[in-house]
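Report on the following structure.
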2 protein chains.
Amino acid sequence: MLGAHGDLGGRMRVTIADVARRARVSKATVSRVLNNRGEVDAGTAVRVREVIAATGYTPSAGAVGLARGRTQTVGVLVPHLTCPWMGDVLQGVSDVLEAHGYGLLLHTMNRGADSVTRFTRHVSGNAFDGLLLVEPPDPLSCLTGLRESGFPVVVVDDGDDGDGDGDGDHPGFPSVATSNRAGATAAATHLLATGRTRPVVIPGPAALGRTRARTEGFRTPFTAAGHPTPHHVEADPTRAGGRTAITALLAENHEFDSVFTHNDLTAAGVLDALHEAHVDVPTQVAVIGFDDIDLAAHTQPPLTTVRRPSREMGEAAATILLANLAGAPFPTTPEIIPTELIVRASAP
Amino acid sequence: MLGAHGDLGGRMRVTIADVARRARVSKATVSRVLNNRGEVDAGTAVRVREVIAATGYTPSAGAVGLARGRTQTVGVLVPHLTCPWMGDVLQGVSDVLEAHGYGLLLHTMNRGADSVTRFTRHVSGNAFDGLLLVEPPDPLSCLTGLRESGFPVVVVDDGDDGDGDGDGDHPGFPSVATSNRAGATAAATHLLATGRTRPVVIPGPAALGRTRARTEGFRTPFTAAGHPTPHHVEADPTRAGGRTAITALLAENHEFDSVFTHNDLTAAGVLDALHEAHVDVPTQVAVIGFDDIDLAAHTQPPLTTVRRPSREMGEAAATILLANLAGAPFPTTPEIIPTELIVRASAP
DNA sequence: GTGAAAGCGCTAACAC
DNA sequence: GTGTTAGCGCTTTCAC
């Protein structure tokens, strides 16, 4: 009977000592076989491996971590899990991490300060080797402490706009972002090319770097072509927000031939409002969103939008972090994954 | 200068020994203060706490885990992160776990067998105290081993139909499911109440218990009312699948006045096909989906659907698991979170 | 009330 | 090549 130490319920863990005893070697040798470290006699190695297979031994992750000082785990902090693209980011991260044998410890900031406190404890508790911060809100107090401690951190989707001046929302951290500026420029260029000259812009939260980048990127082609700066309208970054904003605009008889929103949800609301007002899309007004969430392909009409490469950003961030854990230095400039203009019926 | 042992880069970890030394007590006493265990002199406790605060000491999660034999972490295995409701499930799980001070180690099965192998290593490596299996595919080999070992596992969204016979896809495991049968019955009843008698059903994967449950639940009211068994049509569980299926059905002049699909994506495809064929929804054909993903509220017309309480299911599963870790026995019958019929314009 | 000492399961010098 | 010996940072008897 195997390892019948009598644990309550299941059988007792088989430890490296058990393996060593049964293979008639020392724990050190088992460890060597386990990690292909040092030269071990071929015959001995085979014997050890047989015992390992026979006993079903698996090293205790915790013990290995304690002894090595590394946990083979990275922490991921996300604002919340329910927004449309978070799954994509996580999938990208998870794929890379799993491929390299790393675990992924997930944390949410859903419960505000308390969440962050708990998270910080985990960090200082050495629960993981490195950290991925997804869309961190601006004033994340624990950040400064992190940087000072030299703990490996990569920021995903910092507000950086890809214009090379490195002015993300969290300068000083290695980061992955998308070409917010170029994406917005592509949208503007597309509108101009299809004869639209009087756009309305519904920007995102003003505090975010990406809002600045998208705003500027969109304005550039218009002013360059001699048109006035696009009209801006504030709105909640929701479907209802977009709808309300455009309804108000129509009520005051503001003239426009196109709408560019900083996110797809708002754009969906814009479509709603236009539909209600019997304004045809795209003949009377063209609409372009941002992100390319699932919904974008399903609106009526389907939404032309700037795709944000969420999954690729997750992959890139994880890759950079793992490279650093493996000894490589962090890149000094943000890695920019390009956006892509997805042309659908709302702005053909 | 604090703990200037000289770690490369950051400052060296402050350990319980450091705290003990500076507070002029033993490690044991610090541990007692830390865990409110045993009677510690009030003055001593205060002194220790001061040192802890001053040094910013945080216990090493790994060391605590090794010593206590518990990691305060639960593993979550999901098929993939990109499907619409997974974020909701995870959010529910995460909220409960964080509220109880547990970490969440996320695993994906994206890469098939390899993923599962890695995952299994983590399990036997004692990386976590308990396990949440979300929508596990039928033949998950490691499952039987898990059950035998007595390792705490809760299955989320097992195929169980809530009819009380406990015939989930993974009998023997405690599980959380939704009232698939009752939800489908509600959809059927709603259709009948609005004068629809010739429905078409597009079921989900035949292998899943929930497909059986939804199929039966939908059929019951029709046969009870003396109508024939609803016509079934196979289709991929995607938007394209629903579209193709209905297009074919229209081509062969099959008569029907309503469509019930086992998921919203398929329903969206059905709407597409009907729209193309100039069949009006809902006057000519009513459509009801299942799940209530974000998309459902945004289709044209908005989709009537059976809401599946993803987030609540996640919360329930986590709660059951934590209760077990705290000593409570597992419930012997699946916990059923009820569905809810969300009536929108596609089937008013 | 508090300390000393023995682990938890593993790795990593260092000897032989 | 392989064993011995220390730890990694904490918890937990068991004395005092």
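What's counted below: heavy atoms across the whole structure, side chains too, no hydrogens, waters or symmetry copies. Not measured: the values here are computed from a predicted model.
Between I52(B) atom CD1 and dC10(D) atom C1' there is a gap of 13 Å when expressed in whole angstrom units. Between N36(A) atom CG and dT2(D) atom P the separation is 14 Å, expressed in whole Å. Rounded to an integer number of Å, the gap from NZ of K27(A) to P of dA13(C) is 16 Å. Whole-Å rounding puts the D41(B) CG to dC16(D) C1' distance at 17 Å. Across the protein-nucleic acid pair, R32(A) atom CZ and dA15(C) atom P stand 14 Å apart, rounded to whole Å. As rounded to whole Å, 18 Å separates atom P of dG7(C) from atom CD1 of I16(A). Atoms CG (N126(A)) and C1' (dG9(D)) sit 10 Å apart, rounded to a whole Å. Rounded to a whole Å, the CD atom of Q72(B) is 21 Å from the P atom of dC8(C).
Side-chain nitrogen and oxygen atoms of S31(B) include at least one within less than 4.0 Å of the OP1 or OP2 phosphate oxygen of dT11(D). In this structure, T44(B) reaches the dT2(C) phosphate: one of its side-chain N or O atoms is under 4.0 Å from OP1 or OP2.
Distance from the side chain of T15(B) is smallest for dC10(D) among the nucleotides dC10(D), dT4(D), dC10(C). Checking dG7(C), dC10(C), dG1(D) against the side-chain heavy atoms of A67(B) singles out dG7(C) as nearest. Of the listed nucleotides (dG9(C), dT11(D), dA12(C)), dA12(C) has the atom at the smallest distance from the side chain of R68(A). Of all nucleotides listed (dC10(C), dC14(C), dA12(C)), dC10(C) comes nearest to the side chain of R13(A). In the set dC10(C), dT2(C), dG3(D), the nucleotide with an atom closest to the side chain of S60(A) is dC10(C).
Under the 4.5 Å side-chain criterion, counting only non-hydrogen atoms from C-beta, Y57(B) is not in contact with D18(B).
Counting only distance, with no hydrogens or angles, the side chain of R32(B) and the backbone of V40(B) share no donor-acceptor pair below 3.5 Å. Formation of a donor-acceptor pair under 3.5 Å by the R121(B) side chain with backbone atoms of G101(A) is not found in this model. Checking side-chain atoms of S31(B) against main-chain N and O of K27(B) turns up no donor-acceptor pair under 3.5 Å.
For the pair A63(B) and T29(B), both in contact range of DNA chain D, the more 5′-proximal nearest nucleotide belongs to A63(B). Residues L66(B) and V25(B) each lie close to DNA chain C; by heavy-atom proximity, the contact nearer the 5' end of the strand is made by V25(B). Between P59(B) and R24(A), the residue anchored closer to the 5' end of DNA chain D is R24(A), taking for each the nucleotide with the nearest heavy atom.
Closest of all the heavy-atom pairs between M86(B) and L81(B) is CB-O, 4.1 Å.
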